[in-house]
**Student:** 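Structure in structure tokens, see below.
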Number of protein chains: 2
Amino acid sequence: MTQPRWLDQTEMAAWRAFLTTSHLLERRIEEHLKAAAGLTHPQYEILVRLAEAPGRRLRMTELARDVVVSKSALTYQVGGLEKAGLVERLTCPSDDRGVLARLTSAGADLLERVAPAHLEIVRDYLVDRLSRAELLAMTTAMRRTEEALRASG
Amino acid sequence: MTQPRWLDQTEMAAWRAFLTTSHLLERRIEEHLKAAAGLTHPQYEILVRLAEAPGRRLRMTELARDVVVSKSALTYQVGGLEKAGLVERLTCPSDDRGVLARLTSAGADLLERVAPAHLEIVRDYLVDRLSRAELLAMTTAMRRTEEALRASG
DNA sequence: CAGTGGTCGTTCAAATCTGAACAACAGCTG
DNA sequence: CAGCTGTTGTTCAGATTTGAACGACCACTG
């Protein structure tokens, strides 16, 4: 092991601000989605990804990767969405092991109804508080980290 | 309700990058701490906050606020730390309702042993990938959001 | 001092997440 | 086609989180 490299004041402040804020924002979003639509945040993100996908359907594995959730958590959350009639499961025609999750029209309707208030939160607390330059800087920085994490994980 | 204001491409990219990366990084950290020291991430943060506090002790409520965790989750996590001898509970002298969590020397030792590898992850995946200007920009941006969330929550 | 409203930390049930184990299947090699 | 290795999604047990309910206590008011 090499010499430990501590974080200096600037670095530590940045890291803590990031950590604290991401947790606070996550809490707020979770609270809102549950109250407004009875959805968890992962469930909301599942609906979003499906709504954007061609044919409104995606493989479970791809969905899990997109939403950043474990396979078992995805099974659990899709189970809830299916019970609520917002998503349905199809067997994948090209791979008998595979399962396709497809957004139902009820799911699309719910998403359209809930999205505005959700995005309003994202705006009020994050997006509208950043300048255009800050938005771009954050995007590239976050993507560098994402790429590194995905490459090694 | 006013007109829904969708996010444009730049805004949406920034928000998704932030969301995805924070989840990925959280997963990685959790995985490392569990393997290296049998700690959850909240538990690690509890140890850090206590180590910095005067007298290595803090009120439960303040700890919960700092670590951004619910009161009941804090009770649970401190319970585990106490069982492992890393933290001990004292009744607060100035307030009989209150409980002080105090870092034990075993807790301080464990923290010193685990911190370097933990910080190495924070470095490798986030801090070292940001320029000094980006670090500062992120800090102020995150703090603006944190302040807004705390003020309204 | 009794009364009131608020705070503190814990407990409990329910919801959710994780990781390992598993059966079924895909893709390739011989 | 048999055999092997890797992937897919689910299941299960255990760990963790949440929110509501609760008893104990504080601070203040009359």
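Here is how names work: the chains are called A, B, and so on, in the same order as the sequence lines, proteins then strands, and each is numbered from 1.
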**Student:** Suppose we screen for side-chain contact (heavy atoms from CB on, under 4.5 Å). Which residues come up paired with T10(A), at least two apart in sequence or across chains?
**Tutor:** D8(A), R132(B), L135(B), L136(B)
**Student:** What's the CZ-P distance between R27(A) and dA15(C), to the nearest Å?
**Tutor:** 19 Å
**Student:** For E82(B), which residues count as a salt bridge (charged side-chain N to carboxylate O under 4.0 Å, His left out) partner, sequence neighbours excluded?
**Tutor:** R89(B)
**Student:** Going by the rule salt bridge (charged side-chain N to carboxylate O under 4.0 Å, His left out), which residues pair with R144(B) if we only count those two or more places apart in sequence or in a different chain?
**Tutor:** E134(A)
**Student:** Just how far, in rounded Å, is P of dT7(C) from CD of E62(B)?
**Tutor:** 16 Å
**Student:** So if I take residues 78-87 of chain B and measure heavy-atom distances to DNA chain D, which residues fall below 4.0 Å?
**Tutor:** none
**Student:** For D109(A), check side-chain contact (heavy atoms from CB on, under 4.5 Å) against everything at least two apart and list the hits.
**Tutor:** R113(A)
**Student:** Summarise protein proximity over nucleotides 20-28 of chain C in one line of letters, 5' to 3': B for base, S for sugar-phosphate only, - for none, counting protein heavy atoms closer than 4.0 Å.
**Tutor:** ----BBS--
**Student:** Want to settle it: does L74(B) or L74(A) sit nearer the 5' end of DNA chain D, counting the closest nucleotide to each?
**Tutor:** L74(A)
**Student:** Nearest to the T75(B) side chain among dT11(C), dT18(C), dT18(D), which nucleotide is it?
**Tutor:** dT11(C)
**Student:** Considering residues at least two apart in sequence or located in another chain, which fulfil the salt bridge (charged side-chain N to carboxylate O under 4.0 Å, His left out) criterion with R97(A)?
**Tutor:** D95(A)
**Student:** Checking S94(B) now: which residues fulfil side-chain contact (heavy atoms from CB on, under 4.5 Å) with it, not counting sequence neighbours?
**Tutor:** C92(B)
**Student:** Identify the pairs formed between an N or O of the protein and an N or O of nucleotides 13-16 of chain D at a distance under 3.5 Å, and give each distance.
**Tutor:**
from	atom 1	to	atom 2	distance (Å)
dT16(D)	OP2	Y76(B)	OH	2.8
dT16(D)	O3'	Q77(B)	NE2	3.3

**Student:** By side-chain contact (heavy atoms from CB on, under 4.5 Å), which residues pair with A73(A), not counting sequence neighbours?
**Tutor:** V69(A), S70(A)
**Student:** Which donor-acceptor pairs under 3.5 Å do the side chains of residues 46-60 of chain A make with protein atoms, sequence neighbours left out?
**Tutor:**
from	atom 1	to	atom 2	distance (Å)
E52(A)	OE1	R16(B)	NH1	3.3
E52(A)	OE2	R16(B)	NH1	3.4
E52(A)	OE2	R16(B)	NH2	2.6
R57(A)	NE	G55(A)	O	3.1

**Student:** Tell me, please, which residues at least two apart from R102(B) pass salt bridge (charged side-chain N to carboxylate O under 4.0 Å, His left out).
**Tutor:** E88(B)
**Student:** So do I29(A) and I121(A) actually touch side chain to side chain, heavy atoms under 4.5 Å?
**Tutor:** yes
